[in-house]
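Keep in mind the model is a prediction, meaning the values are calculated, not measured.
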Amino acid sequence: MTEQIHGAFSDERGHGVAIVDLPSRTLSLTIGHLRAGQSTRLHRHNYETILYITKGQGYTLVENRKVEWKAGDAVYVPVWAWHRHVNTDARHEAEYVACENTPLLQNLGEIALREEAPSQEGHE
């Protein structure tokens, strides 16, 4: 298993993301990094996500529900739910492993979709 930081992939998401290179045709793993106090942009996608928090503390806003997390916790993000991940620690990085079924949708006909919120105002 190798991990690669992808500049364009990270830039598109607005935070550090490393892709774990695996031969799976149905599941993917990425490792997300949130700098101290950083949050992801509000977004949604038509694939499921399970996050496993490996470092730090914060919360994930899923639609209007705030799910607090710390290292060792897991968070489920359902299909097409607006969400963002927030590192609440002002001094330390947060890190998570994300498992998604994106490759399954891609292999069924490139139907994995992701959408950024048109405005970040009022979604926190």
Side-chain angles (χ1 to χ4, degrees):
M1 171 177 86
T2 60
E3 172 188 329
Q4 298 176 299
I5 299 285
H6 288 271
F9 195 72
S10 293
D11 291 346
E12 177 183 318
R13 279 148 180 75
H15 67 287
V17 179
I19 297 173
V20 179
D21 185 16
L22 298 168
S24 175
R25 296 181 48 84
T26 59
L27 297 172
S28 68
L29 281 179
T30 56
I31 299 172
H33 301 269
L34 294 170
R35 293 184 308 276
Q38 184 180 25
S39 68
T40 65
R41 294 188 295 248
L42 186 66
H43 64 283
R44 65 183 183 167
H45 34 72
N46 69 340
Y47 43 89
E48 294 177 292
T49 303
I50 297 172
L51 300 177
Y52 179 75
I53 312 305
T54 58
K55 185 169 34 169
Q57 64 185 25
Y59 66 89
T60 296
L61 189 63
V62 181
E63 295 290 341
N64 295 318
R65 184 173 172 228
K66 185 177 182 179
V67 180
E68 295 191 28
W69 46 254
K70 63 187 179 317
D73 289 341
V75 177
Y76 174 72
V77 179
V79 171
W80 220 234
W82 287 107
H83 62 282
R84 78 166 42 145
H85 315 298
V86 180
N87 178 0
T88 57
D89 192 322
R91 297 183 316 159
H92 300 100
E93 178 182 76
E95 181 181 86
Y96 59 85
V97 176
C99 181
E100 299 172 327
N101 62 336
T102 314
L104 174 65
L105 297 175
Q106 290 299 97
N107 286 315
L108 287 174
E110 310 248 343
I111 57 175
L113 304 173
R114 185 177 195 279
E115 177 181 40
E116 301 286 335
S119 170
Q120 302 299 303
E121 302 292 320
H123 287 285
E124 194 128 353

Query raised in the report: Can we say Arg114 and Glu116 salt-bridge, meaning some charged N sits less than 4.0 Å from an Asp/Glu carboxylate O?
Result: yes
Query - Rounded distance [0.5 Å steps], OG1 in Thr26 versus CG in Asn101 - result: 8.5 Å
Query - Closest heavy-atom pair and its distance - His83, Arg44 - result: CE1-CA, 4.1 Å
Query raised in the report: Judged by modelled atom types alone, do His85 and Thr60 share a side-chain donor-acceptor pair under 3.5 Å?
Result: yes
Report task. Look at the side chain of Asn107 and the backbone N and O of Leu104, then say whether any donor-acceptor pair between them is shorter than 3.5 Å. Result -> no
Query raised in the report: Rounded to the nearest 0.5 Å, how far does OH of Tyr59 lie from CZ of Arg65?
Result: 14.5 Å
Report task. Could you tell me the separation between the OH atom of Tyr96 and the NE2 atom of His33, rounded to the nearest 0.5 Å? Result -> 9.0 Å
Requested in this report: Go through Trp82 and Glu115 one step at a time and tell me if the side-chain contact (heavy atoms from CB on, under 4.5 Å) criterion holds.
Outcome: CA-CA 9 Å; Trp82 287 107; Glu115 177 181 40; 3.9 Å; yes
Report task. Identify the heavy atoms of Leu105 and Asn46 that sit nearest to each other, and give their distance. Result -> CD1-O, 3.3 Å
Report task. Taking Asp89 for its side chain and Ala36 for its backbone only, find out whether a donor-acceptor pair lies under 3.5 Å. Result -> no
Query raised in the report: Any donor and acceptor pair, going by atom type alone, linking the side chain of Ser28 with main-chain N or O of Thr102 inside 3.5 Å?
Result: no
Report task. Write down the atom of Arg84, the atom of Thr40, and the distance for their closest heavy-atom approach. Result -> CA-OG1, 3.3 Å
Report summary line: For Glu63 and Ala81 the tightest heavy-atom approach is OE2-CA, 3.2 Å
Requested in this report: Of all the heavy-atom pairs spanning Trp69 and Gln57, show the shortest one and how long it is.
Outcome: CZ3-C, 3.2 Å
**Report entry** Side-chain ion pair, Glu93 and Arg35, N-O less than 4.0 Å
**Finding:** no
Query raised in the report: Is the side chain of Asn87 donor-acceptor paired with the backbone N or O of Leu34 at a distance under 3.5 Å, no angle test?
Result: yes
Query raised in the report: Hey, what do you get for OG1 (Thr88) to CD (Glu68), rounding to the nearest 0.5 Å?
Result: 7.5 Å
Report task. Evaluate the side-chain proximity of Thr30 to Val20: yes if any heavy-atom separation is below 4.5 Å, no if none is. Result -> no
**Report entry** Residue pair Thr49 / Leu51: nearest heavy atoms and the distance that separates them
**Finding:** CG2-CD2, 3.8 Å
Query raised in the report: If you round to the nearest 0.5 Å, how far is CG of Leu61 from CG of Leu42?
Result: 7.5 Å
